[in-house]
2 protein chains.
Amino acid sequence: MLQNSEGHSKCEQCIVRQFNSLKSLTKNELVRISGCKTSKIIKKGEPLFQEGEHINGIFCIKDGLCKVSKMSDNGRDQIIHLIRKGDIIGERSLINDEVSNLKAVAVNDMEVCFIPKEEIIRDLQNNSNFSMDMLKKMASSLKNADNVIVDMAQKTVKQRLADTLIFLDEKFEKTEEGSIGISLTREDIANIIGTATESAIRLLSDFKKKKLINLKGKQIFVLNIPELQQISQGF
Amino acid sequence: MLQNSEGHSKCEQCIVRQFNSLKSLTKNELVRISGCKTSKIIKKGEPLFQEGEHINGIFCIKDGLCKVSKMSDNGRDQIIHLIRKGDIIGERSLINDEVSNLKAVAVNDMEVCFIPKEEIIRDLQNNSNFSMDMLKKMASSLKNADNVIVDMAQKTVKQRLADTLIFLDEKFEKTEEGSIGISLTREDIANIIGTATESAIRLLSDFKKKKLINLKGKQIFVLNIPELQQISQGF
DNA sequence: TATTAAATATGATATTTATCAGTTTTTTCT
DNA sequence: AGAAAAAACTGATAAATATCATATTTAATA
């Protein structure tokens, strides 16, 4: 192989772009961005960026998954987002010209493209389709954040675990065996729902006993979504 | 008095505009918007809009305060924002072209201006300063939402009450006597921190005993911010 | 102002969740 | 493969929080 086909692939031809705001860029803008982007491989467990870091651009996820978290005052990591192929991350710090308030760590091996800040800012200012698209994405994220806040504030840990299982089962392509397609530790799950690891483990066992899920090592099989939805709503 | 001076006042001269994204509009845009805006008085306790309602525009708060909340599955109202003079609300539903996911109720008598959707969309598309400003506002709201999620997920009710008292004391102009300048019921406070009303009342009494605050009827006097900050951080 | 309703307050108790301690299982690395 | 480390699990207990019941105070209003 004479060249790294990943590193030199073109944004104009990248299928991933269809899933995010970059789809609103013109051909010319894409060619320009393609010329200054860089590609990166992030190994499982490695950070894409850290809390407090100057990101200075956005990442477009070409492949893989990452967990985005924030450290709380009491020293526990709260996972706020799970990001996957097609998603963009870093646009907020870019727009506000601030260091990142979040940390992103690869859940499995990732391939990402990095686009420098200036290029994105330029297009946000000149291409109103692009900026409107970004606005829509943010408005939608804010709506979602409202829902998360309400759930965190009002639901029990059991309800939140049910929510999380439904969410993971829906959002991530399942494995061949039919289990949830994102391999998280029990600690990760606890850090998504905001509880102690032991509590998450106990409730998972509980759900297994009730045949709502099945557990085979790290694999989680969601068996009864309707019942999980009932639990989520407090029944 | 020959005309309602409130109803016919001009956006170009409105001081409130300085505090929000409308400051990025040009003179011409402001004159146009001024011509199609409408003014409204909302009495204490009345809704500005309801969950599920088509807002079809944005509200610019000229005076007064309102609480913005969302009903949770278990039937309790979670207050997500407190909005005051100079703030804008409704832009998210407008951008996403969706019904509101939130309810807004006046905490005291309010005076608001309503600007129809089409006018704002037009300016977002044509004035990149305006859209960048809106993007910045949303990016900042998202950052704030992250913090709220982490706090809700990880902090105890006591910590969240301390946070809320500090926040209310800082954000709202104090009364003449020096108490917190927004008059909320104990239930409202409970609905901000996400707990039962009784728990909020008990913790407030507790804080009073420890001389961190003083309570005189509905008035709350914050006495010891440093200690409240300690509590907020888990000490 | 008398009456009623709403808000605040407090006690008793049940439930939920965290913490600590320890065991077993799985994964990683040499 | 075998040792070491990490993750998963379980039990006992403490702490936090919700719920229910009821009393008291404050606000609303006829």
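Convention: sequence-line order gives letters A, B, ...; per-chain numbering from 1.
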Using atom [atom1] of [X] as one end and atom [atom2] of [N] as the other, report the distance to the nearest whole Å.
X: B:Leu161; N: D:dT17; atom1: CG; atom2: C1'; result: 14 Å
X: A:Lys158; N: C:dT17; atom1: NZ; atom2: C1'; result: 12 Å
X: B:Lys216; N: C:dA9; atom1: NZ; atom2: P; result: 15 Å
X: A:Met152; N: C:dT17; atom1: CE; atom2: P; result: 13 Å

Note, [X] side chain near [Y] side chain (heavy atom, < 4.5 Å):
X: A:Leu184; Y: A:Ile192; answer: yes
X: A:Lys67; Y: A:Ile83; answer: no
X: B:Asn191; Y: B:Arg76; answer: yes
X: B:Lys62; Y: B:Val112; answer: no

With sequence neighbours left out, write down each residue that passes salt bridge (Lys or Arg N to Asp or Glu O under 4.0 Å) with [X], or none if nothing qualifies.
X: A:Lys85; result: none
X: B:Asp87; result: none
X: B:Lys171; result: none

Examine distances only and state if a side-chain atom of [X] and a backbone atom of [Y] form a donor-acceptor pair shorter than 3.5 Å.
X: A:Gln78; Y: B:Ile149; answer: no
X: A:Asp188; Y: A:Thr185; answer: yes
X: A:Arg160; Y: A:Gly194; answer: yes
X: A:Arg84; Y: A:Gly64; answer: no

Using nucleotides 14-16 of chain C, report all nitrogen or oxygen pairs with the protein that are shorter than 3.5 Å.
none

Can a side-chain donor-acceptor contact be found between A:Lys70 and B:Asn147 if the only test is distance below 3.5 angstrom?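 Yes, a side-chain donor-acceptor pair sits under 3.5 Å.
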
I'd like to know if the side chain of B:Ser140 pairs up with that of A:Asn96 as donor and acceptor (distance under 3.5 Å, no hydrogens or angles considered). no

Inter-end axis angle, the helix from C:dT1-D:dA30 to C:dT30-D:dA1, with every axis fitted to five base pairs (rounded, 10 degrees):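 Here the helix ends are tilted 60° relative to one another.
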
Below 4.0 angstrom, which residues in [range] have at least one non-hydrogen atom near DNA chain C?
range: residues 176-193 of chain A; result: none
range: residues 224-235 of chain B; result: none
range: residues 198-215 of chain B; result: B:Glu198, B:Ile201, B:Arg202, B:Ser205

So does A:Thr197 get a side-chain nitrogen or oxygen closer than 4.0 Å to the phosphate oxygens (OP1/OP2) of D:dA7? no

Below 3.5 Å, can you tabulate the donor-acceptor pairs from side chains in residues 221-235 of chain B to any protein atom, sequence neighbours excluded?
residue, atom, partner, partner atom, Å
B:Asn224, OD1, B:Glu227, N, 3.1
B:Ser232, OG, B:Lys155, NZ, 3.2
B:Ser232, OG, B:Asp163, OD1, 2.6

Using residues 175-183 of chain B as the side-chain source, report each donor-acceptor pair under 3.5 Å to any protein atom, sequence neighbours left out, with the distance given to one decimal.
residue, atom, partner, partner atom, Å
B:Thr175, OG1, B:Gly178, N, 3.3
B:Thr175, OG1, B:Ser179, N, 3.0
B:Thr175, OG1, B:Ser179, O, 3.4
B:Thr175, OG1, B:Ser179, OG, 2.7
B:Ser179, OG, B:Gln219, NE2, 3.1

Could you go through nucleotides 25-29 of chain C and list every protein N or O atom that sits under 3.5 Å from one of its N or O atoms, giving the distance for each pair?
none

Please list every donor-acceptor pair under 3.5 Å in which a side-chain atom of residues 46-57 of chain B meets a protein atom from a residue at least two apart or in another chain.
residue, atom, partner, partner atom, Å
B:Glu46, OE1, B:Lys43, N, 3.1
B:Glu51, OE1, B:Met71, N, 3.2
B:Glu53, OE1, B:Gln50, N, 2.9

Is B:Glu98 paired with B:Arg92 through a side-chain N to carboxylate O contact shorter than 4.0 Å?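 Result for this pair is no, no salt bridge flagged.
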
Compare every heavy atom of A:Ile79 with every heavy atom of A:Ser69, then report the nearest pair and how far apart it is.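 Closest approach of A:Ser69 to A:Ile79: CB-CA, 3.8 Å.
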
